[in-house]
Amino acid sequence: MKTELKEKYGLITAIAMVVGIVIGSGVFFKAEKVLNATGGNLPLGILAWIIGGLIMITCAYTFAVMATRYQYVNGIVDYAEATMGGQYGYYVGWFMALIYYPTLTSVLAWVSARYTSVLFGFDITGGECMTIACFFLIASFALNALSPVLSGKFQVSTTVIKLIPLFLMAVVGTIVGLSNGMTAHNFTNVVQKVDTSHALFTAVVATAFAYEGWIIATSINAELKNSKRNLPIALVCGTFIIMAVYILYYVGLAGAVSNEVMMAGGEAGAKLAFETIFSNIGGTLIFVFVIISCLGTLNGLMLGCTRGIYSIAARHQGPRPDIFNQIDPVTNMPTNSSVLGVLLCGIWLLFFYGANLTAPWFGFFCFDSSELPIVTLYAFYIPIFLMMMKKEKDLSFFKRLLMPTIALAGCIFMILAACFAHGKAVIAYLIIFAVIMIIGILFGKTKESFSAR
């Protein structure tokens, strides 16, 4: 008899899961970039966080509506298949397996190592940092591949821990900043003049990294009580909470130290802010929580990496489905898929170092692999939203047309912002993207149907 997922989560649990899935390392990593991109213009930076958050919220709501129509569908690949057909679903799956998951996982390994290096005084682009990054990558792979249960417990623990530094800085930093005038100073003084439109586009694209992950939350649909009512509420409330927490954290940082000092501090700026508010010992302890938060996000992304090529092989598509759809009988893990996943992470980590952390190795083909793959995913959303608007004729105007149209506008805005922010690097990325997708097309031409189960 087939075992079906039971409805076991209530609304509060679902909201907590959305918040826990999305909040991670991005806000620590990208708050510094947003501040520098806007020249220390705090209101402009907050506007970037708001725009990025609203794009996330409208897209999340639209997918939540789709989740109520396709009740047992979960994950972006399945949504693509349900709306656009099997072939489009395969292309999305190939992109996720070969580009999206390994690029972000490799960046998260470096981000975790980056803050560890700050803690110990190492160079964030030196041999020590990259060695730590490789160790974190392999350790995360081993944890997921050898003990999925332990990996899950680690994920739950880090979900709680990751909120501690955010709430402490948001609350205490804001109170201190308002009392000593630091917040008012940072709100009314701009460190350096920048082109407002270009700065805003760059900052919004940076926030996309921090907001990414909400699509994963739709996978709880089949296990949510009264999902048609509760999933849209959970996604909208959860994403609103995330946006509020991020903005309050950003304002809290402004209450700790001046924007000039924060920008000059570079990668050590966040640690300096925590130490200023909570003393050297307290600040260092809380900064350790930041590192654990980053490792929790890395663990979650590695979970996707280990299953990336398996999700394609399970549908009898891609290279050697007979190899990559195998499941280990003891660990219940797709071992061969996991090995390929960590190999891809290693390749993209090497690229990230050579393209972003040292003198460019790849010439024209250097780009930021922490942001452009996320923007590509927003591009993949566009046909899905359009097809939903075309097919779901019995939905209300608000659900079928208004919210999807706003979500579409948000996706297009994100694409245009990426072009402004990254310039010619977008062309370099698109060439690499096209080559990888063409390889995927060649592997996709099999006799088996993608939708075969």
Side-chain angles (χ1 to χ4, degrees), residues 26-27 29-60 95 99-100 103-104 107 111 190-215 243 246-247 250 259 262-263 266 348 351-352 355-357 360 362-386 405-437:
V27 65
F29 178 37
K30 293 300 183 179
E32 172 197 323
K33 181 170 182 178
V34 170
L35 188 64
N36 281 281
T38 56
N41 186 327
L42 208 61
L44 189 62
I46 291 173
L47 178 60
W49 286 107
I50 292 173
I51 292 174
L54 291 177
I55 292 172
M56 170 187 65
I57 290 166
T58 54
C59 289
F95 163 76
I99 300 177
Y100 179 84
T103 54
L104 298 191
V107 170
V111 170
V190 177
V191 178
Q192 61 187 51
K193 295 290 184 181
V194 294
D195 178 80
T196 303
S197 58
H198 187 274
L200 183 62
F201 285 143
T202 303
V204 170
V205 175
T207 66
F209 183 89
Y211 283 126
E212 190 59 17
W214 55 266
I215 187 65
M243 182 174 71
Y246 282 2
I247 292 171
Y250 192 68
N259 287 340
M262 190 73 180
M263 292 167 66
W348 280 109
F351 173 84
F352 183 76
N356 298 279
L357 303 180
F362 309 108
F364 174 74
F365 292 98
C366 290
F367 55 82
D368 186 348
S369 55
S370 74
E371 295 180 2
L372 292 177
I374 295 173
V375 176
T376 307
L377 194 58
Y378 278 98
F380 274 115
Y381 294 157
I382 293 175
I384 297 174
F385 291 158
L386 288 172
T405 299
I406 297 173
L408 281 170
C411 293
I412 294 170
F413 177 89
M414 194 66 78
I415 294 168
L416 294 175
C419 293
F420 275 98
H422 292 275
K424 292 182 179 179
V426 174
I427 299 174
Y429 166 74
L430 288 176
I431 293 172
I432 300 297
F433 169 80
V435 170
I436 293 174
M437 295 307 293

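Note that the coordinates shown come from a computational prediction; the quantities given were computed from them, not determined experimentally.
A donor-acceptor pair under 3.5 Å is absent between the side-chain atoms of Asp368 and the main chain of Asn356, judged by distance alone. In this structure a side-chain-to-backbone donor-acceptor pair under 3.5 Å is missing from Tyr378 to Leu408. Using modelled atom types, one side-chain atom of His198 and one backbone atom of Phe420 make a donor-acceptor pair closer than 3.5 Å.
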Go through Thr207 and Ile51 one step at a time and tell me if the side-chain contact (heavy atoms from CB on, under 4.5 Å) criterion holds. CA-CA 9 Å; Thr207 66; Ile51 292 174; over 6 Å; no

Val204 and Leu47: CA distance, side-chain angles, deciding distance, side-chain contact (heavy atoms from CB on, under 4.5 Å) verdict: CA-CA 9 Å; Val204 170; Leu47 178 60; over 6 Å; no

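Ile50 contributes atom CD1, which lies 12.5 Å from atom CD1 of Ile55 (distance to the nearest 0.5 angstrom). Atoms CE and CG, from Met414 and Leu377 in turn, are 11.0 Å apart once rounded to the nearest 0.5 Å. Interatomic distance, Asp195 CG to Thr202 OG1, rounded to the nearest 0.5 Å: 9.0 Å. Here the CD1 atom belonging to Ile374 is positioned 6.0 Å from the CZ atom belonging to Phe209, to the nearest 0.5 angstrom. With rounding to the nearest 0.5 Å, the separation of CG in Leu372 from OH in Tyr100 is 13.5 Å. Here the straight-line distance linking atom CG of Leu104 with atom CD of Glu371 works out to 10.5 Å at 0.5 Å rounding.
Of all the heavy atoms in Leu44 and Ala199, the pair that sits closest is CD2-CB, 4.1 Å. Shown here for Ser369 and Thr103, the closest heavy-atom pair between the two residues is O-CB, 3.6 Å. Of all heavy-atom pairs spanning Leu54 and Met243, the tightest one is N-SD, 4.0 Å. The nearest pair of heavy atoms linking Cys59 to Cys411 is SG-SG, 3.8 Å. Closest approach of Phe385 and Ala407 over heavy atoms only: CE1-CB, 3.7 Å. Annotation for Pro360 and Cys366: closest pair CB-SG, 3.7 Å, computed over non-hydrogen atoms.
Using a 4.5 Å cut-off on side-chain heavy atoms (C-beta onward), Asn259 and Leu35 make contact. Put simply, the side chain of Phe433 reaches to within 4.5 Å of the side chain of Ile99, judged on heavy atoms. Residues Phe367 and Ile432 form a side-chain contact, since some pair of their non-hydrogen atoms from C-beta on lies under 4.5 Å apart. A heavy-atom distance below 4.5 Å is not found between the side chains of Asn41 and Val194. Between His422 and Val205, some side-chain heavy-atom pair lies under the 4.5 Å cut-off.
Aromatic rings of Phe413 and Phe201 (six-membered ring for Trp) have centroids within the 6.0 Å cut-off, being under it.
Lys30 and Ser370 share a side-chain donor-acceptor pair at under 3.5 Å. A side-chain donor from one of Tyr429 and Thr376 sits under 3.5 Å from a side-chain acceptor of the other.
The aromatic rings of Tyr246 and Trp49 sit perpendicular, their planes meeting at an angle over 60°, well past the 30° parallel limit.
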